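Numbers restart at 1 for each chain; the letters A, B, ... are given by sequence-line order, proteins then strands. Computed from heavy atoms alone, side chains included, the values below leave out hydrogens, waters and symmetry copies. On a predicted model such as this, the values are computed, not experimentally measured, just so you know.
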Amino acid sequence: GLSDRLQDVFRKLKGKGKITEDDVKSAMREVRLALLEADVNFKVVKDFTSKVRERAVGQEVLTSLTPGQQIVKIVHDEMTDLMGGSESKLVLGKSPAVIMAVGLQGAGKTTSAAKLANNLLKQGRRPLLVACDIYRPAAIKQLQVLGEQINVPVFAMGQNKPLDIAKASVEFAKSNNRDIIIIDTAGRLHIDEELMDELKDIKSALNPDEILLVVDAMTGQDAVNIAEAFNVDLGLTGLILTKLDGDSRGGAALSAKAVTGCPIKFVGMGEKLDALEVFHPDRMASRILG
Amino acid sequence: IKSNRKLDDDFWEELEEILIYADVGVNTSLNLVSNIQKKAKKQKLYDSSEVMDLIKEEVTNLFNNYDNSINLTSSPTIILVVGVNGAGKTTSIAKMAHRYKKENKKVILAAGDTFRAAAIDQLQVWASRVGVELIKHQEGSDPGAVVFDAISAAKARKADILIIDTAGRLQNKTNLMKEIGKVRNIIERELPGAPHEVLLVVDATTGQNAISQARIFKEATSVSGIILTKLDGTAKGGIVLAVAEELEIPVKLIGIGEGMEDLRDFSPTDFIEALFG
Ligand SMILES: Nc1nc2c(ncn2[C@@H]2O[C@H](COP(=O)(O)OP(=O)(O)OP(=O)(O)O)[C@@H](O)[C@H]2O)c(=O)[nH]1
Ligand SMILES: Nc1nc2c(ncn2[C@@H]2O[C@H](COP(=O)(O)OP(=O)(O)OP(=O)(O)O)[C@@H](O)[C@H]2O)c(=O)[nH]1
Ligand SMILES: [Mg+2]
Ligand SMILES: [Mg+2]
């Protein structure tokens with residue numbers, strides 16, 4: 001990974017003693033390449049590397065016997081800071097609390113919504129899944145099957161306007177003593193104005209406690225466009241990174257966090273409904289760096 | 001990139017940026033640009049629009065080395081559709097079924113995803129909408145059994161085309177890749193020469209992981225072509241360049257939306273135009 005590559009850069013230093021501007025430049029190039037290969041967005045890589053460079057020309061590196069390792073540590077620490085920091089728990093207020101799962105087609109919203117419900121049920125809460133995807137064939141059925149598997153009720157109103165379904169679900173939750181509503185929405189493109197408006201309408205009507213963008217861990221450069229658009233339109237409160245049980249480096253995590261400032265609250269680690277874990281920024285940093 | 005620009009460092013850097021932003025990948029992008037730089041020098045090109053034409057030609061030639069068409073000459077033609085979770089396999093199969101039905105072909109579908117919640121229901125809705133028959137078993141049954149049945153049905157009913165849907169799977173899941181390899185073996189055994197096409201469905205928003213997907217699926221089932229989906233978004237799908245170059249797998253079809261009509265043949269020129277557009 002990055003450690004080996006930086007070792008090569010500084011190998012020729014053995015005996016030379018002092019690190020030059022050029023050595024740091026070569027090291028920063030290796031950092032940039034490693035991050036781009038890990039699918040971190042180009043602009044995010046530029047900003048991130050310049051931050052690292054500031055520290056790389058500081059005493060901790062220039063006086064170190066193992067400058068390569070020192071830089072790797074700086075990169076790792078800076079990345080962990082960037083992706084961590086703020087609380088990664090759900091912030092749920094009034095009852096029924098409302099969580100919305102949004103994102104692009106196929107990202108893993110429906111599965112993640114059910115996983116969230118499963119987690120909350122195990123924590124002693126009374127979640128309600130809401131089927132607001134009226135477009136995808138058998139989407140409602142998919143959510144119902146998942147709800148059944150984990151013993152969580154699913155509120156569905158068939159082919160009705162998603163906004164009406166969402167509003168009705170609040171009434172249903174209140175009269176059926178459910179204290180958390182999890183709304184599964186249809187996958188959509190961030191450039192589809194009509195469908196983005198649909199989400200804005202649901203947000204205005206329900207004033208959700210959490211609006212979570214579900215992002216596929218294998219997403220490439222486009223992660224920045226997606227995250228930014230959803231955040232500008234809706235004001236996200238968090239991200240869920242899915243399919244992290246795959247072998248993608250997951251640079252999209254850094255991109256999405258960097259451009260929105262939103263914490264990654266959960267990661268999907270499999271297709272089963274117990275495969276939702278809390279996000280660990282340091283582990284993610286190690287993964288991205290390879 | 002505006003035309004009539006000087007071929008200075010800024011120009012070459014900007015070219016690299018465009019490619020990287022399009023998910024072409026950093027190594028492929030740098031190699032491509034350095035090759036173009038050499039050629040531009042050799043051909044004494046000084047105008048940026050000439051360089052853009054050169055790069056478009058270079059990429060188009062790469063893709064035109066391969067067979068971009070779907071082979072429908074066998075009867076029945078068996079098309080196996082594979083790929084990672086959520087890429088767009090089931091929807092792409094509906095689109096293909098619709099296209100071939102419009103061409104008056106007799107199409108049968110097989111519900112090979114017996115695992116995911118409501119996967120069979122989803123394909124059944126599509127089959128009904130398109131007006132083609134779907135061979136399916138119970139949820140949780142053996143995918144191999146469904147495939148076996150579907151091939152018998154295709155032969156018996158003299159279908160022109162059988163398209164097989166499979167469960168999404170991440171390529172690093174060894175047991176799941178073994179399973180799909182077994183499915184391919186069943187197809188080979190039941191109809192010599194089949195599967196005639198094994199199409200890997202790749203989401204255009206995918207980054208460098210698409211190369212690992214292509215490599216491992218190629219090892220498991222051999223892949224004859226890619227269906228690149230969700231090109232109606234803002235992602236350019238540039239990873240297919242490296243996949244074509246390193247693994248010699250062509251893109252055959254593209255998905256440009258969620259409806260049954262939203263399928264197009266892959267056009268290298270359109271693709272490269274959109275990439276630089
Ligand atoms: N391996 C793995 N698969 C996942 C994970 N999350 C979701 N999936 C799978 O990804 C595919 C898509 O998941 P869905 O939940 O249907 O995605 P979606 O965002 O609701 O899709 P649309 O509603 O069509 O936009 C399914 O095959 C899921 O089983 C994960 O963390 N790991
Ligand atoms: N915008 C757009 N959406 C697409 C395209 N192709 C598929 N989709 C959507 O992507 C989502 C996933 O499609 P599926 O066909 O269920 O994907 P899959 O590969 O069969 O998923 P699994 O079986 O769960 O692995 C659905 O919401 C589709 O409507 C496309 O070309 N453009
Ligand atoms: Mg869904
Ligand atoms: Mg499917």
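A distance of 10.0 Å separates CG in B:L134 from CD1 in B:I93, rounded to the nearest 0.5 Å.
Under a cut-off of 6.0 angstrom, the local environment of CZ in B:R129 is crowded, with over 12 non-hydrogen atoms contributed by other residues, nucleotides or ligands.
The contact between A:Q142 and chain B is made by backbone and side chain atoms together, counting heavy-atom distances below 4.5 Å. For a residue to count as touching a neighbouring chain, one of its non-hydrogen atoms must lie under 4.5 Å from one of that chain's; by this rule A:D247 touches chain B with backbone and side chain alike. With a 4.5 Å cut-off on non-hydrogen atoms, A:L143 does not touch chain B at all. Of the two parts of B:D232, the backbone and the side chain both hold a non-hydrogen atom closer than 4.5 Å to a non-hydrogen atom of chain A. For A:R136, the part lying near chain B is the side chain, with the backbone staying farther off; criterion is any non-hydrogen pair under 4.5 Å. Using a 4.5 Å cut-off between heavy atoms, A:I191 touches chain B through its side chain atoms alone. Of the atoms belonging to B:L123, not a single heavy atom falls under 4.5 Å from chain A. With a 4.5 angstrom heavy-atom cutoff, B:E258 touches chain A only via side-chain atoms. Contact annotation for B:T234: both backbone and side-chain heavy atoms come within less than 4.5 Å of a heavy atom of chain A.
Ring geometry for A:F230 against A:H190 counts as tilted: the plane angle lies between 30° and 60°, on a 0 to 90° scale.
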Between B:K56 and B:E273, is the salt bridge (Lys or Arg N to Asp or Glu O under 4.0 Å) condition met? List the steps.
CA-CA 8 Å; B:K56 287 176 187 176; B:E273 282 292 330; 3.2 Å; yes
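Exactly one residue among A:V267, A:L241, A:I264 makes a side-chain contact (heavy atoms from CB on, under 4.5 Å) with A:M284. That residue is A:L241.
Judged as a side chain to side chain contact (heavy atoms under 4.5 Å, CB included), and not counting sequence neighbours, the contacts of B:K173 are A:D245, B:L170, B:N175, B:L176.
Residue pairs satisfying the salt bridge (Lys or Arg N to Asp or Glu O under 4.0 Å) criterion with at least one member in residues 79-93 of chain B, sequence neighbours excluded, are absent.
Per-residue counts of heavy-atom pairs under 4.5 Å with chain A were compared for B:T206, B:D203, B:V125; the largest is that of B:T206. When each of B:Q124, B:Q213, B:R116 is checked for heavy-atom pairs under 4.5 Å with chain A, B:R116 comes out on top. When B:A119, B:A22, B:A118 are compared by the number of non-hydrogen pairs under 4.5 Å with chain A, B:A118 comes out ahead. Comparing B:G238, B:A204, B:A235, B:A94 by heavy-atom pairs within less than 4.5 Å of chain A, the highest count is held by B:A235.
Side-chain atoms of A:Q105 and B:K230 form no donor-acceptor pair, as typed in the model, at a separation below 3.5 Å.
Side-chain contact check for B:I20 versus A:L36: some heavy-atom pair is nearer than 4.5 Å.
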